[in-house]
Amino acid sequence: MTKLNRNTTVAIALVVSTLLLLFTYHRSWTYICGGVHDDCAPLPQQHQLAQEQGKQKFTRGKPRYIFVDLGANKADTLEVFLNQPGAKFRYNYPRPEWATHEEAEIFLFEANPVFNPDLVHAKEKYDEQGIKVTIFPSTVVDVRDGIRTFFLDTVNDGKDYWGSSIYSDHPDVIRSASKGTDLTAVNIAVWLLRNTLPRDFVVVKMDIEGAEHEVVPHLVEMRAWSVIDHLLIEWHSPSLGGGDAEEIEARRARAYAAVEKLKQEGVQAPTYDSSA
């Protein structure tokens, strides 16, 4: 074969390859978008699925109404929240205009193992009514995840052992001669940031026997104000946790300053006393 013929053969092969490539591309484009026509033919199933998934990523989710009960005891505050007959006390917990209390997602945190059966019963009871209740039994509300020693009040039977605390110097703990028990602890600020969004309507009720003096400043440190709308704190003595008069006052001042910061950032934190 001469050099001229060899070059001609190579040129022809290149032209044929190019035409085949263009023909294949044209068929694919015709199948997906109808060739020269403006209206598109049905997309293959996998393409439709990809499009739907893409749309979901950019669809704004609906806000949720969330009630977080820190120190749920035997779920008695839940009864109050849902305005149940025979509830221990009465309080009109905040709610958005677009939801009822029954439509809230409810999260109950309680450290005292004595109330585990009550929490399970409450979850079962309201699950049958279509009310969303999630329980965290034997769980300490804390500023870090891990294990925390919890001291049980065993003397205040008539008050639902309300003196149980993370502090060994709580008067009711001392009277109970409690040695403490190790329980799971949850960093509640991080939990809130992971499980709620700014668009949600979030109400946090806090009754944690003095631990609020640690937890509330931690909410500020974690900038959890971005996901909290209402914070209802039942305050206890800042002397819990020990220390001299100066240390106690510093603990109190730090917690109250944290509340003021939360208010400045838009959190509603009115005076709250359940009287329970």
Side-chain angles (χ1 to χ4, degrees), residues 64-96 99-143 145 148 150 152-153 156 159-166 181 183-197 200-212 215-216 218-219 224 227-234 236 272-276:
R64 301 147 64 209
Y65 176 26
I66 298 172
F67 178 64
V68 183
D69 188 353
L70 308 179
N73 203 264
K74 60 180 181 181
D76 48 4
T77 303
L78 173 61
E79 299 288 303
V80 177
F81 179 78
L82 294 173
N83 299 308
Q84 293 295 298
K88 184 182 285 188
F89 61 95
R90 289 290 171 189
Y91 189 86
N92 187 23
Y93 287 94
R95 66 173 180 84
T100 65
H101 289 107
E102 290 76 13
E103 292 172 321
E105 294 179 39
I106 300 165
F107 299 89
L108 307 181
F109 290 79
E110 172 56 44
N112 196 332
V114 169
F115 300 123
N116 287 354
D118 296 288
L119 296 176
V120 172
H121 173 71
K123 177 176 174 58
E124 182 179 43
K125 172 184 174 181
Y126 288 109
D127 180 72
E128 292 174 353
Q129 298 178 31
I131 297 174
K132 300 176 183 177
V133 177
T134 302
I135 61 174
F136 292 83
S138 298
T139 302
V140 177
V141 173
D142 208 347
V143 298
D145 294 324
R148 185 85 182 235
F150 189 75
L152 300 177
D153 166 10
N156 287 307
K159 296 292 185 178
D160 296 325
Y161 310 109
W162 63 358
S164 299
S165 174
I166 61 172
T181 182
L183 299 176
T184 298
V186 171
N187 183 331
I188 197 62
V190 172
W191 185 92
L192 286 166
L193 291 167
R194 287 176 176 169
N195 291 279
T196 64
L197 293 170
D200 298 329
F201 189 95
V202 179
V203 179
V204 179
K205 166 255 172 179
M206 185 182 297
D207 183 3
I208 50 179
E209 295 303 316
E212 64 272 10
V215 172
V216 174
H218 190 62
L219 291 176
V227 294
I228 300 174
D229 293 278
H230 293 262
L231 178 61
L232 308 173
I233 308 169
E234 187 148 333
H236 302 81
Y272 173 77
D273 183 359
S274 68
S275 300

Judged by atom type as modelled, is there a donor-acceptor pair below 3.5 Å linking the side chain of [X] to the main-chain atoms of [Y]?
X      : Y      : answer
Asn73  : Asp76  : no
Glu212 : Gly210 : yes
Asp229 : Val202 : yes
Glu105 : Lys132 : no
Thr77  : Ala75  : no
His230 : Pro94  : no
Asp127 : Lys123 : no

Residue list, side-chain hydrogen bond (donor to acceptor under 3.5 Å, both in side chains) with Glu209, at least two apart or on another chain: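 Checked Glu209 against side-chain hydrogen bond (donor to acceptor under 3.5 Å, both in side chains); matches are His170, His236.
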
Counterpart residues, side-chain hydrogen bond (donor to acceptor under 3.5 Å, both in side chains), relative to Asp200 (two or more places apart):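 So Asp200 forms a side-chain hydrogen bond (donor to acceptor under 3.5 Å, both in side chains) with Arg64.
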
Passing option when Phe67 is tested against Phe107, Phe109, Tyr93 for ring-ring contact (aromatic ring centres under 6.0 Å, His included):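 Between Phe67 and the candidates, ring-ring contact (aromatic ring centres under 6.0 Å, His included) is satisfied uniquely by Tyr93.
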
Nearest 0.5 angstrom please: [X] [atom1] to [Y] [atom2], how far?
X      : Y      : atom1 : atom2 : answer
Leu219 : Ile233 : CG    : CD1   : 8.0 Å
Thr139 : Leu119 : OG1   : CG    : 9.5 Å
Glu124 : Ile135 : CD    : CD1   : 10.5 Å
Asp142 : Phe150 : CG    : CZ    : 11.0 Å

Within 6.0 Å of CZ in Arg194, more than 12 heavy atoms from elsewhere: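 Counting other residues, nucleotides and ligands, CZ of Arg194 stays at 12 neighbours or fewer.
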
Over 12 foreign heavy atoms within 6.0 Å of NZ, Lys74: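 Count not over threshold, so no.
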
Does a side-chain heavy-atom distance below 4.5 Å link [X] with [Y]?
X      : Y      : value
Leu82  : Tyr126 : yes
Lys125 : Leu78  : no
Val141 : Arg148 : no
Lys205 : Tyr91  : no

Indicate the atoms forming the closest heavy-atom contact of [X] with [Y], along with that distance.
X      : Y      : answer
Ile188 : Leu70  : CD1-CD2, 3.7 Å
Tyr272 : Glu234 : CE2-OE1, 3.7 Å
Val215 : Met206 : CG1-CE, 3.8 Å
Ile66  : Asn195 : CD1-O, 4.4 Å

Among Ile228, Val204, Thr196, side-chain contact (heavy atoms from CB on, under 4.5 Å) partner for Val68: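 Answer to the side-chain contact (heavy atoms from CB on, under 4.5 Å) test with Val68 among Ile228, Val204, Thr196: Val204.
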
Test side chain to side chain donor-acceptor pair (under 3.5 Å) applied to Asn112 and Ser138, Ser165, Ser164, the passing residue: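 Exactly one pass, corresponding to Ser164.
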
